[in-house]
Amino acid sequence: MAIEVKDLTKYYGVQHALDGISFSINKGEIVGFLGPNGAGKSTTMKILTGYLAPTSGVAAVEGINVSEDPQRVKRQTGYLPEHNPLYHDMYVHEYLEFAAGICGLASGMARKRADEMVGLCGLSLEQNKKIGALSKGYRQRVGLAQALIHNPKVLILDEPTSGLDPNQLVEIRKLIKDISREKTVLFSTHILQEVEALCDRVIVINRGAIVADDLLHKLRLGKGGALLVEFGQPVSAEELQTLPGVERVESAGVNRYRIHAAPGQDIRGELTKFAARENKALLELRQEENSLEAIFSRLTQVPLTEPAS
């Protein structure tokens, strides 16, 4: 197991940031860590990387308990915080050699790894510039290069694409995808298209609790999705609306409808019985995938008013 979190709790004074969360990530997975601001994403990542102590519970990376041996965990982990902490007065190559030295690499190996990261992260044309002169996209590349300089097994990236323009997003997405072929990656983002492009699995946290942890395609086929149905002969929406369990019917083309079931209802049987009874050929009957935006909204919405006690 590359990452394991068990009953992890964190208080900031009286504020409850994490409420006994548990999850595990297998080696080689790339997992999107989603949640609204203040949900507990950055707190979890800081605990996993040894920069913050939990109040209770266990966090382990590559089988190493973070609380018991944080320095050993840091040798296995590459971390890019949300606010990329770079020395703007240093040159790119100089900074990467400096970061490698902090990780314990001898000067010759530090120079070699800096050269490799410059090539991997597309920094060749910028390596002799000061970091402060770089665009936001290139500074993010430098941050990723720093996280990779000691060849860690696990990458933890907190909002790695925040503030980038569309072209920079494409570049950083490709870089993360290339890196993930040999690493386990956990990354948080508010850009849901990044999750769809990079991840097979999603963990959603809200108000300090895990509210979803599943493969992305399974989440999309979960509750809330409509049924798409197409008939070979004309059928009116009014006819379909009368079927038991049907909440709403929308047109989706010629003889094709999007049908929303009432909560807890499975209306597939009713639709097949209707088609047989009315002698209508049933050309299509499938569940429509939820959008990731709809899933995120449903899982993380907070009521505008608290219920009365």
Side-chain angles (χ1 to χ4, degrees), residues 2-3 25-35 41-42 45 48-49 76-86 91-93 95-96 99-100 103 112-129 131-204 215-217 219-220 289 291-293 295-296:
I3 294 174
I25 298 176
N26 295 317
K27 293 182 180 182
E29 280 193 288
I30 178 166
V31 177
F33 197 33
L34 305 182
K41 302 185 301 298
S42 292
M45 290 178 156
L48 282 169
T49 49
Q76 303 290 333
T77 307
Y79 178 41
L80 178 62
E82 180 180 1
H83 303 292
N84 192 355
L86 301 171
Y91 294 93
V92 171
H93 204 286
Y95 170 74
L96 293 178
C103 293
K112 181 175 182 293
R113 284 295 295 169
D115 287 339
E116 290 173 357
M117 291 305 99
V118 162
L120 177 66
C121 297
L123 291 164
S124 298
L125 297 177
E126 313 295 327
Q127 62 180 313
N128 295 316
K129 290 183 180 179
I131 292 171
L134 300 179
S135 68
K136 177 71 180 291
Y138 275 108
R139 289 201 298 271
Q140 287 298 87
R141 286 173 180 264
V142 174
L144 281 170
Q146 170 274 136
L148 289 163
I149 197 75
H150 56 302
N151 196 26
K153 294 181 179 178
V154 176
L155 270 180
I156 295 179
L157 311 175
D158 195 355
E159 300 284 352
T161 57
S162 176
L164 302 186
D165 67 35
N167 291 332
Q168 293 167 339
L169 282 174
V170 172
E171 293 168 359
I172 295 298
R173 179 194 300 168
K174 182 180 184 303
L175 180 55
I176 294 172
K177 192 73 171 178
D178 291 343
I179 291 166
S180 68
R181 292 171 186 160
E182 299 178 356
K183 312 286 182 187
T184 302
V185 181
L186 174 67
F187 81 97
S188 72
T189 182
H190 285 121
I191 303 172
L192 301 183
Q193 294 94 328
E194 297 305 298
V195 176
E196 293 177 310
L198 293 169
C199 302
D200 292 323
R201 179 180 164 201
V202 173
I203 297 172
V204 184
L215 297 176
L216 183 55
H217 78 273
L219 278 177
R220 282 173 164 162
E289 288 189 348
S291 70
L292 189 53
E293 288 84 355
I295 295 167
F296 182 86

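Everything quoted here is computed from the prediction, not taken from an experiment.
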Distance from [X] atom [atom1] to [Y] atom [atom2], nearest 0.5 Å?
X: Ile295; Y: Leu219; atom1: CD1; atom2: CG; value: 5.0 Å
X: Glu196; Y: Glu293; atom1: CD; atom2: CD; value: 6.0 Å
X: Ile3; Y: Ile203; atom1: CD1; atom2: CD1; value: 8.0 Å
X: Phe33; Y: Arg201; atom1: CZ; atom2: CZ; value: 10.5 Å
X: Leu144; Y: Leu155; atom1: CG; atom2: CG; value: 7.5 Å
X: Glu194; Y: Cys199; atom1: CD; atom2: SG; value: 9.0 Å

I'd like to check [X] versus [Y] (side-chain heavy atoms, cut-off strictly below 4.5 Å). Are they in contact?
X: Leu148; Y: Glu116; answer: no
X: Phe187; Y: Asp158; answer: no
X: Val202; Y: Val31; answer: no
X: Leu216; Y: Asp200; answer: no
X: Ile176; Y: Pro160; answer: yes
X: Leu175; Y: Cys121; answer: yes
X: Val154; Y: Leu186; answer: no

Nearest heavy-atom neighbours spanning [X] and [Y]:
X: Ala145; Y: Leu96; result: CB-CD2, 3.7 Å
X: Leu157; Y: Met45; result: O-CE, 3.4 Å
X: Ile156; Y: Thr77; result: CD1-CG2, 4.0 Å
X: Tyr91; Y: Asn128; result: CD2-O, 3.2 Å
X: Asn26; Y: Thr184; result: O-CG2, 3.7 Å
X: Leu80; Y: Ala147; result: N-CB, 4.4 Å

Under the 3.5 angstrom rule, does the side chain of [X] hit a backbone N or O of [Y] as a donor-acceptor pair?
X: Arg113; Y: Ile149; value: yes
X: Lys183; Y: Pro152; value: yes
X: Thr189; Y: Glu159; value: no

Name of the residue among Arg139, Gln146, Gln140 meeting side-chain hydrogen bond (donor to acceptor under 3.5 Å, both in side chains) with Asn84: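 That would be Gln140.
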Qualifying residue, where the test is side chain to side chain contact (heavy atoms under 4.5 Å, CB included) with Leu123 and the options are Lys129, Met117, His93, Arg141: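 Looking at Lys129, Met117, His93, Arg141, the match for Leu123 under the side chain to side chain contact (heavy atoms under 4.5 Å, CB included) is Arg141.
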Counting only heavy atoms not in Lys174 (residues, nucleotides, ligands), do more than 12 fall under 6.0 Å from its NZ?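 Atom NZ in Lys174 is not packed in, count stays at 12 or less.
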